[in-house]
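Only a predicted model underlies this, so the values are computations on that prediction, with no experimental measurement involved. Below, chain A is the first sequence line, B the second, and so on; all start at residue 1.
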Amino acid sequence: MRLSQFHLATVKEVPADAEIASHRLMLRAGMIRKLASGLYTWSPLGLRVLRKVENIVREEMDRAGAIEMLMPSVQPKELWEETGRWEKFGGQLLKIKDRKGQEFCYGPTHEEVVTDFARNELKSYKQLPVNFYQIQTKFRDEIRPRFGVMRAREFLMKDAYSFHLSQDSLAETYAAMYQAYVRIFTRLGLTFRAVQADTGAIGGNASHEFQVLADSGEDAIAFSDGSDYAANLEKAEALAPATERPAPAAALQRVDTPTQKTIGDIAGFLKVSPRQCVKTLLVRGRDGLVALCLRGDHEVNEVKAGKLAELPGESVLASEEEILAATGTRPGFIGPVGLSASIPVIVDRDAAALADFVCGGNADRTHCTGANWERDARITRVADLRNVVEGDLSPDGKGTLHIARGIEVGHVFQLGTKYAEALGATVVDETGTPQVMTMGCYGIGVSRIVAAAIEQRHDEAGILWPEAMAPWRVAVCVINPKNSPAVGAAGEALYQALLQRGVEAVLDDRGLRAGSMFADMELIGIPHRVVVSERGLAAGTLEYRAREESENRPLSQDELFALLG
RNA sequence: CGGGGUAUAGCUCAGUCUGGUAGAGCGUUGCGUUUGGGACGCAAAAGUCGGGGGUUCGAAUCCCUCUACCCCGACCA
């Protein structure tokens with residue numbers, strides 16, 4: 001590509017509210033322009049990068065045996081009513097009406113459509129297993145779109161759906177997809193982790209997220225330094241402490257705590273560690289309120305809590321009125337000591353190992369010290385209720401856990417029969433008996449990957465693309481060709497030679513000053529730069545610089561070709 | 001959904017409190033000088049001050065209203 005024939009539109013200034021590096025740099029490089037909240041136009045430059053990602057994803061999906069297709073982005077309400085998701089999906093579902101008043105949604109995902117396709121197309125076990133995928137635009141009406149294409153409302157996604165008659169077959173395809181994802185993110189040149197993920201309300205047996213590691217990531221992930229264990233924070237199990245609960249040593253006392261409501265207040269006021277306090281959360285159970293007790297320095301894990309048999313499937317905190325009615329006091333003073341017998345007390349493993357602890361006194365302005373389980377407070381059940389923290393033992397017993405931030409760019413999921421059941425997607429087995437198919441689904445956020453890569457790889461000057469994602473591999477910058485026809489010709493010749501060797505090159509023939517060219521090529525992250533100048537011509541060398549290096553290297557043309565492979 | 005903020009030239013923003021001829025930087029166009037890290041000079045084009053309504057002799061500025069966009073929060077006692 002000759003830049004004089006391209007639309008490169010870098011800018012120096014960027015809105016003050018573009019907060020994260022990838023958003024700022026994508027705007028500055030002119031890769032994207034905002035059309036409306038959460039909606040972005042991909043410029044020719046941005047699209048080149050997006051296509052690089054898309055093509056790698058496509059190649060690896062094909063290699064793994066998936067079959068590409070394309071489904072509509074607009075989907076009829078009736079289909080979504082069959083699975084109950086027209087109502088259940090919530091505000092993220094963008095609903096639209098056609099001129100006849102028929103209702104549709106702009107597809108946030110395609111389980112309904114692909115399962116409808118499958119129930120019409122797939123009739124026999126001989127057609128299974130099969131794995132359909134598409135690369136397509138999705139729309140989710142996010143509560144708060146932000147960070148540019150990182151959390152946009154419209155985005156490009158690869159989604160695959162596999163159909164099986166047996167769990168074994170599903171597990172096989174799942175493993176193949178997992179391996180394909182490893183290949184994809186490795187080829188893209190990203191630092192990533194595959195982490196165990198919660199399967200959520202859908203159930204199923206296995207789910208992994210693929211997280212690109214970056215400090216600005218919205219997700220927290222836990223990984224072991226002694227094994228390959230990695231899980232997102234929602235899923236990571238907190239093991240029971242190794243030491244047994246000490247015997248009670250202190251007597252139960254009530255203390256006046258007029259204004260101290262938070263663990264921080266209490267610990268400071270009583271001069272104890274938050275680790276020696278128990279915090280009590282009242283949540284709505286299936287049958288009245290349920291108390292959850294955790295150590296003061298720990299945080300409740302709502303996913304784990306939601307799975308408790310006593311809860312209705314989700315963890316919702318009780319209102320102040322409900323708490324007042326059930327305990328006679330307000331949030332801030334609740335505790336397990338003397339709590340109404342009708343409230344189950346579910347205690348986190350670490351909180352259960354405390355003795356002589358501090359907790360709310362179930363009366364306004366009152367806390368207890370020297371409290372002990374069994375002697376002063378009931379334990380209905382001990383469970384893992386908390387988020388793991390840095391330094392916890394790894395659940396597999398090997399090493400300790402560390403917490404990192406990640407950007408979720410892929411998710412593989414064993415769905416089971418939920419959608420096939422709802423939509424009646426069956427095939428006949430060897431005996432001629434109809435069987436509901438079992439499904440897997442596998443997503444990759446194609447547009448998000450572009451932003452995630454920038455988060456991971458950028459510097460003051462701009463983007464540092466991995467070679468596989470760069471809009472071009474090499475930039476040929478020609479200095480002052482107008483004053484020296486020989487320089488212009490040499491630049492042109494080098495550009496042609498690179499193209500002939502199959503090296504994706506861009507010729508900066510815009511006639512700009514050197515500084516402007518360099519700044520642009522660095523901003524848009526071209527991995528290799530070659531300068532053709534009178535100086536170099538005289539010396540018989542090309543001036544090469546890698547994007548991630550700060551020094552030039554004089555190279556012959558052969559050396560350059562060797563370096564670029 | 002709750003709270004807060006913003007909307008002025010193609011872009012990024014001053015100006016609004018205290019009403020009185022519409023501003024800067026960048027970008028764009030032309031001419032000239034330059035030419036190895038975002039050059040300089042001169043000249044020029046460019047705004048229905050988000051929309052609507054009101055107050056006033058007079059509104060970017062004050063009031064009402066609508067719209068769009070952004071930020072924080074949505075319960076961890």
* To do: Please report, rounded to the nearest Å, how far the C1' atom of B:U34 is from the CZ atom of A:Arg513.
  => 6 Å
* Taking atom P of B:C76 as reference, at what distance in whole Å does atom CG of A:Asn301 sit? -> 15 Å
* With a 4.0 Å cut-off on heavy atoms, is A:Arg28 in touch with a base, just the backbone sugar-phosphate, or nothing at all? -> base
* Without swapping roles, check the side chain of A:Arg48 against the backbone of A:Pro471 for a donor-acceptor pair under 3.5 Å. => yes
* Structure fact -> Considering only heavy side-chain atoms of A:Ile143, the closest of B:C76, B:C1, B:G37 is B:C1
* Does the cation-pi check pass for A:Arg448 over A:Phe155, that is, NZ or CZ under 6.0 Å from the six-membered ring centre and within 45° of its axis? -> no
* If B:U48 has a Watson-Crick or G-U wobble mate with both distances under 3.5 Å, name it; if not, just say none. => none
* Asked: Where along residues 336-359 of chain A does a heavy atom come under 4.0 Å from RNA chain B, residue by residue in number order?
  -> none
* What is the nucleic acid contact for A:Leu317, judged by heavy atoms within less than 4.0 Å: base, sugar-phosphate only, or nothing? -> base
* Which base, if any, makes a Watson-Crick or G-U wobble pair with B:A43, both distances under 3.5 Å? -> B:U29
* C1'-based separation of B:C49 from B:A60 [nearest Å] -> 4 Å
* Student check: side-chain heavy atoms of A:Asp287 and A:Ser342 closer than 4.5 Å -> no
* To do: Starting from P on B:A74, measure out to CZ on A:Arg146 and report it in whole angstrom.
  => 11 Å
* **Residue A:Ala16, side-chain heavy atoms: nucleotide from B:A77, B:C13, B:G37 that is nearest** => B:C13
* Asked: With a 4.0 Å cut-off on heavy atoms, is A:Leu512 in touch with a base, just the backbone sugar-phosphate, or nothing at all?
  -> nothing
* Pick base, sugar-phosphate or nothing for A:Arg529, based on heavy-atom distances below 4.0 Å to the nucleic acid. => base
* To do: Determine the interatomic distance between P on B:U65 and the same-named atom on B:G3; round to the nearest Å.
  => 14 Å
* Asked: Reckon A:Arg535 touches a base, only the sugar-phosphate, or nothing at all at heavy-atom distances under 4.0 Å?
  -> base
* **Rounded P spacing from B:U29 to B:G10 in Å** => 15 Å
Shorter than 3.5 Å, N or O on both sides, protein versus nucleotides 25-30 of chain B: list them out with atom names.
from	atom 1	to	atom 2	distance (Å)
B:G25	N2	A:Glu13	OE1	2.7

* Structure fact -> Separation of B:C76 atom C1' from A:Asp265 atom CG, nearest Å, is 14 Å
* Can you name the side chain to side chain contact (heavy atoms under 4.5 Å, CB included) partners of A:Asp256, sequence neighbours left out? -> A:Pro258, A:Arg365
* **Whole-Å distance separating the CG atom of A:Leu523 from the P atom of B:G37** => 18 Å
* To do: Side chain of A:Pro15 only, please: which of B:C13, B:G37, B:G38 is the nearest?
  => B:C13
* Could you check whether A:Ala519 gets within reach of a base, just the sugar-phosphate, or nothing at all, counting any heavy atom under 4.0 Å? => base
* To do: Hunt down the Watson-Crick or G-U wobble partner of B:A60, both distances under 3.5 Å, from any strand shown, or write none.
  => none
* Asked: Looking at side-chain heavy atoms only, is the closest gap between A:Asp219 and A:Gln211 below 4.5 Å?
  -> yes
* Structure fact -> Taking for A:Arg545 and for A:Gly296 the nucleotide of RNA chain B with the nearest heavy atom, the one nearer the 5' end belongs to A:Arg545
* Could you walk me through whether A:Trp80 and A:Phe104 pass the ring pair (Phe, Tyr, Trp, His ring centres under 6.0 Å) check? -> CA-CA 9 Å; A:Trp80 283 71; A:Phe104 295 85; over 10 Å; no
* Classify the nucleic acid contact of A:Glu522 as base, sugar-phosphate or nothing, counting any heavy atom under 4.0 Å across all strands shown. => base
* To do: Please work out if A:Ile323 contacts a base, only the sugar-phosphate, or nothing of the nucleic acid, heavy-atom cut-off 4.0 Å.
  => base
* Count the heavy atoms belonging to other residues, nucleotides or ligands that lie under 6.0 Å from CD of A:Glu390, then report whether that count exceeds 12. => yes
* Between B:C75 atom P and A:Lys279 atom NZ, what is the distance in whole Å? -> 13 Å
* Asked: If we call it a pair only when both distances are under 3.5 Å in a Watson-Crick or G-U wobble match, what pairs with B:C17?
  -> none
* Mark yes or no for whether A:Asp392, through its side chain, and A:Val388, through its backbone, hold a donor-acceptor pair below 3.5 Å. => no
* Main-chain N/O of A:Arg153 paired with A:Asp141 side-chain donor or acceptor, under 3.5 Å -> no
* Got a donor-acceptor pair under 3.5 Å from the side chain of A:Arg510 to the base of B:G38? -> no
* Over how many whole Å does the gap from A:Leu233 atom CG to B:C76 atom P extend? -> 16 Å
* Go ahead and name the base partner of B:C1; Watson-Crick or wobble counts if both distances stay under 3.5 Å, otherwise write none. => B:G73
* Measure the acute angle between the ring planes of A:Phe6 and A:Trp472, then classify it against the limits of 30° and 60° as parallel, tilted or perpendicular. => perpendicular
* To do: Find the distance A:Phe147:CZ to B:C71:C1' and express it as a whole number of Å.
  => 11 Å
* To do: Give one of base, sugar-phosphate or nothing for A:Val11, where a contact means two heavy atoms less than 4.0 Å apart.
  => nothing
* Asked: Partner of B:A7 by Watson-Crick or G-U wobble geometry, both contacts under 3.5 Å, or none?
  -> B:U67
* Asked: Counting only heavy atoms not in A:Arg33, do more than 12 fall under 6.0 Å of its CZ?
  -> yes
* Asked: Base, sugar-phosphate, or nothing: which does A:Val316 touch, judged by heavy atoms less than 4.0 Å apart?
  -> base
* Asked: What is the nucleic acid contact for A:Lys34, judged by heavy atoms within less than 4.0 Å: base, sugar-phosphate only, or nothing?
  -> sugar-phosphate
* Is the backbone N or O of A:Val531 less than 3.5 Å from a side-chain atom of A:Tyr544, with the two atoms forming a donor-acceptor pair by type? -> no
